[in-house]
Structure formats: structure tokens, C-alpha cells
Amino acid sequence: MRPQEIIAKKRDGEILSQMELNFFVQGVCDESWADYQISAMLMAMFTRGLNHDEQTFLTQNMLHSGEVLDFSDIEMPKADKHSTGGVGDKTSLIIAPLAAACGLAVPMISGRGLGHTGGTLDKLESISGYNVNLTTAEFTRVIKTCGFAMCGQTPEIAPADKKIYALRDATATVPYIPLIVASIMSKKMAEGLDALVLDVKTGNGAFMENLKKSIKLAEAMVETGKSCDVATQAVISDMSQPLGKFVGNSLEVFECLNILRGEIDPQTTETLELSIELTARMLVLTKLADTLETATKRCYEKISNGEALEKFRHNINLQGGNPIICDSPEILLETVLKIPVNSLLTGFICEIDTKTVGNAICEIGGGRTKIDDVIDFAVGYECIKKIGDEIREGETLGILYCRNKSQSQLILGKLKNAYQISEEKPTNIKLVQKIIS
Ligand code: URA
């Protein structure tokens with residue numbers, strides 16, 4: 001069998017067998033498939049589609065491209081959360097230490113920026129020295145020492161996703177349910193979990209822009225999790241505007257550290273609320289809490305008594321970063337130009353084109369265009385006004401953090417035009433829209 005034979009089959013809309021999908025995943029891992037052949041295959045899958053069996057075989061093959069971790073010697077229940085990706089979507093940085101402070105072990109395998117969305121690994125690398133490239137032995141040691149570790153796919157864990165994820169990012173083949181299911185679930189099922197909470201984003205900043213598609217994605221992932229005997233639940237949450245206050249790598253870590261320090265302002269409240277909702281569900285699924293109310297209360301306590309922050313400090317230390325940022329988060333912020341984005345109209349903000357905001361920040365270096373692009377951690381956007389807020393012409397909607405005038409000339413207009421202003425106040429958007437169990 002040669003790669004081009006399988007690519008041609010999918011190009012022509014045929015169904016691939018388990019063996020053929022295995023040949024593809026093997027080829028990704030042993031490099032017998034060139035990047036251009038993998039990319040062509042991904043595009044063929046994207047345009048021609050994968051049926052339910054193909055989605056299952058692809059997920060299983062990607063999962064078994066590496067090890068399935070065994071943490072049976074860790075007494076604590078093992079749980080994780082994973083998001084389908086959004087703009088300003090930074091809850092992992094709060095959830096991992098918070099869940100660990102509540103008594104869970106969290107083996108978090110994350111991804112880099114994908115499409116217009118940010119990635120946990122890139123955010124973590126904005127912490128000087130923080131190492132996300134852990135071996136399995138190091139990953140295990142960090143979890144045993146501080147309750148959680150955060151790393152990327154490795155040659156041992158979900159190696160197929162590492163390659164496929166990066167190529168999907170560069171070839172516009174991200175927003176397709178079977179590829180998202182295989183990517184997320186191959187990583188998560190390799191973590192040896194008891195429970196998994198999925199944060200499935202919905203809205204114009206998500207890969208699934210409407211609720212119907214988000215529910216379909218959530219159901220497919222919950223079904224996969226349960227078929228692997230992992231207690232799995234999905235929370236469908238709003239992504240019709242950036243989450244919380246900041247978009248951009250260092251800025252998002254800064255926001256999370258402030259929240260863990262108990263310094264919360266109106267713009268960061270929804271980041272805290274969603275982080276608590278997702279962590280509380282991890283506690284209930286693993287039976288560390290009887291009810292969502294008890295779990296929620298415990299989570300708030302662990303933030304206010306500083307235990308979650310102490311967990312993060314310990315983890316940063318173990319993964320090579322400088323824990324001083326826990327005391328002075330502003331150390332993370334480089335001096336850059338801060339350009340106000342002013343409203344063109346008076347009225348109420350009724351819509352924000354969230355994908356445009358995410359793409360604009362990627363365009364000035366906050367994300368990648370090519371696989372090996374270097375990220376500029378300092379650039380980003382501060383959301384001052386959100387949907388439902390009243391605004392006057394000339395008043396500031398948000399602040400662009402950029403390196404130079406040419407960057408601001410490139411994207412300032414796009415950011416301004418991303419806001420729709422109406423005379424009527426829009427109805428409130430629910431942060432959590434549906435639970436799929
Ligand atoms: N997160 C992942 O890990 N993979 C996807 O495909 C989307 C979000």
C-alpha cells in the first residue's frame with residue numbers, strides 16, 4: 001500500500017477500513033508519510049467526511065499510537081478537563097491547580113494554538129523557563145509531587161495527534177467533528193483517567209458556531225469517553241465573545257494568576273465562574289463531592305484561602321518556571337504599545353466577531369501561520385466592554401497590545417469592525433448553555 005492510494009480513496013469519497021486508517025496513523029508516526037501527504041489526507045477527510053466507524057477507528061489508532069498511562073499507584077482519583085478551543089479560553093491554568101488543591105490528580109495533556117484559538121502550551125511557555133516537553137517519567141513525577149502536570153503530546157503519549165494537530169492548524173482543517181473527536185479523545189484517553197469534563201464551546205469564536213453542532217460534537221466525545229470506561233460529561237459554554245478580560249499568551253496567564261490570587265474584577269468574573277463550574281463537575285464525577293453545590297463551595301474556598309495558588313506555585317517550580325510570578329504577575333508583561341480601540345457608534349454592544357479578534361491577534365504574532373512560526377507572547381487584546389454593555393462613540397471598547405505602529409495599522413480596523421452596536425440592549429447570553437452527560 002502507498003499513501004497516495006489511500007488519499008485517492010478518500011478524495012473520491014470512499015470509506016476507509018480500520019486497516020487503512022491504521023496505515024495512515026502509523027505513517028504519521030514513523031514518518032513514512034510526508035507532511036504534504038498527511039495534509040492532503042486531512043483535507044480529503046475534511047471535505048469528503050468520515051462516518052461513525054471511521055471516526056472511531058481513527059480515534060483508537062491515534063490513541064494507541066502511544067502509551068496509555070497507568071496511574072493506578074496514585075491513590076487520588078484522576079480527572080481532567082479539555083476545551084474544544086476558543087478565544088481568551090484560559091480556564092486550564094486555573095482548573096489544574098484548583099482541582100489538585102481539591103484532592104484530584106490531574107494529568108493534563110494539552111495543545112498549542114489551533115486556528116484562531118489559543119493553546120494552553122503556548123500560554124504556559126510565556127512563563128520564562130516553563131517546560132511543557134516532559135517525558136512520561138517526568139510527567140508522572142510532577143503529578144505525584146504537586147497533584148498536577150501540564151505537558152504536550154510526546155513521542156510516548158499521543159504522538160499521532162502532535163503531528164496531525166500542527167498540520168490541521170496550518171491547513172485550515174480544524175473545524176470538523178471527527179477530526180476534533182479523534183484529536184481530543186486520543187490525548188485524553190491516554191491519560192489513564194477516572195473522569196473527564198469537556199468544555200465544548202459554541203458561538204462565533206468556536207469551531208462549532210451553533211448549538212446544534214456543538215451538541216453533536218459533545219455527544220460524540222461523551223460516547224467515546226464512556227466506551228473507554230471514563231466517566232465523561234460535556235459542558236456547552238458560550239464563545240460568542242472572548243472569555244474574560246484578556247486574549248494573548250502572557251496576558252491570559254496574568255489574568256489567571258490574578259484570579260488565583262483572589263484579585264477578581266468584573267471582566268475576569270466569567271473566567272472564574274466557568275473554571276469553578278468545570279472543576280466542580282470533575283469533583284462530582286470522581287465522587288470527591290456529593291453535589292455540585294458542595295463542590296462549587298469547596299472550589300471557591302480553595303481560591304480564597306490561597307491553596308490553589310500554592311499548587312500553581314509548586315507546579316511552576318517543578319516544571320522549570322520562575323514561581324515569583326505568583327507574587328508579582330505583572331512580571332509576565334513586557335512593555336509594548338497599548339492602542340485603544342474606540343467605538344464608531346453609540347448604543348449597546350450586541351455582537352462581537354470573536355473569530356476576527358482571535359485571527360487578528362494571531363496575525364500580529366500571537367498565533368502561528370506556519371508550523372514553525374515563533375509566537376510573540378506579549379501581543380494581545382484587553383476586552384473592556386462586552387456584549388450588553390453600553391458604549392458611546394469614541395469610547396474605548398478594548399486595548400490592543402502590539403509591538404509597533406504597523407501592527408496596529410494592520411488590525412485596528414478589523415478589531416473596531418468586529419463590534420456590532422445596536423440601539424436596543426441585547427438579551428443576556430448564558431455562559432453555560434447545556435450539559436451533556
Ligand atoms: N483541542 C484539541 O486538542 N484538538 C482539537 O481538534 C480541537 C481542540
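All values below were derived from every heavy atom in this structure, side-chain atoms included, with hydrogens, water molecules and symmetry-related copies excluded. Order of listing sets the numbers, starting from 1, for every ligand and every atom in it.
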K.L.:
So is there a nitrogen or oxygen of Ser183 less than 3.5 Å from a nitrogen or oxygen in ligand 1?
P.N.:
yes
K.L.:
Does Ser110 approach ligand 1 within less than 4.0 angstrom via side chain, backbone, both or neither, non-hydrogen atoms only?
P.N.:
neither
K.L.:
Measure the shortest side-chain to side-chain distance between Gln18 and Gln60 over non-hydrogen atoms and say whether it is less than 4.5 angstrom.
P.N.:
yes
K.L.:
Which protein non-hydrogen atom lies closest to atom 3 (O) of ligand 1, naming both residue and atom, and how far is it?
P.N.:
Lys187 NZ, 2.5 Å
K.L.:
What closest approach, in Å, do Pro3 and Ser32 show between heavy atoms, and which atom pair accounts for it?
P.N.:
CG-O, 4.4 Å
K.L.:
Would you indicate whether Lys416, at its atom NZ, is surrounded by more than 12 heavy atoms from other residues, nucleotides or ligands within a distance under 6.0 Å?
P.N.:
yes
K.L.:
To which protein heavy atom is atom 1 (N) of ligand 1 closest, and what is the distance rounded to 0.1 Å?
P.N.:
His82 NE2, 3.4 Å
K.L.:
Return the closest protein heavy atom for atom 8 (C) of ligand 1 as residue, atom name and distance.
P.N.:
Thr84 O, 3.4 Å
K.L.:
Can you name the nearest heavy-atom pair linking Asn204 to Glu209, along with the distance?
P.N.:
O-OE2, 3.9 Å
K.L.:
Salt bridge or not for Glu31 and Lys163, using N-O below 4.0 Å?
P.N.:
no
K.L.:
I'd like to know if Lys144 and Asp73 make a salt bridge, using a cut-off of under 4.0 Å between side-chain N and carboxylate O.
P.N.:
yes
K.L.:
Can you tell me if Gly119 contacts ligand 1 (heavy atom of the residue under 4.0 Å from the ligand)?
P.N.:
no
K.L.:
Does an N or O from Arg168, backbone or side chain, lie closer than 3.5 Å to an N or O of ligand 1?
P.N.:
yes
K.L.:
Select one of side chain, backbone, both or neither to describe which atoms of Leu114 lie under 4.0 Å from any atom of ligand 1, heavy atoms only.
P.N.:
side chain
K.L.:
Within a distance under 4.0 Å of any heavy atom of Ser83, pick out the atoms of ligand 1 and give their elements.
P.N.:
1 (N), 8 (C)
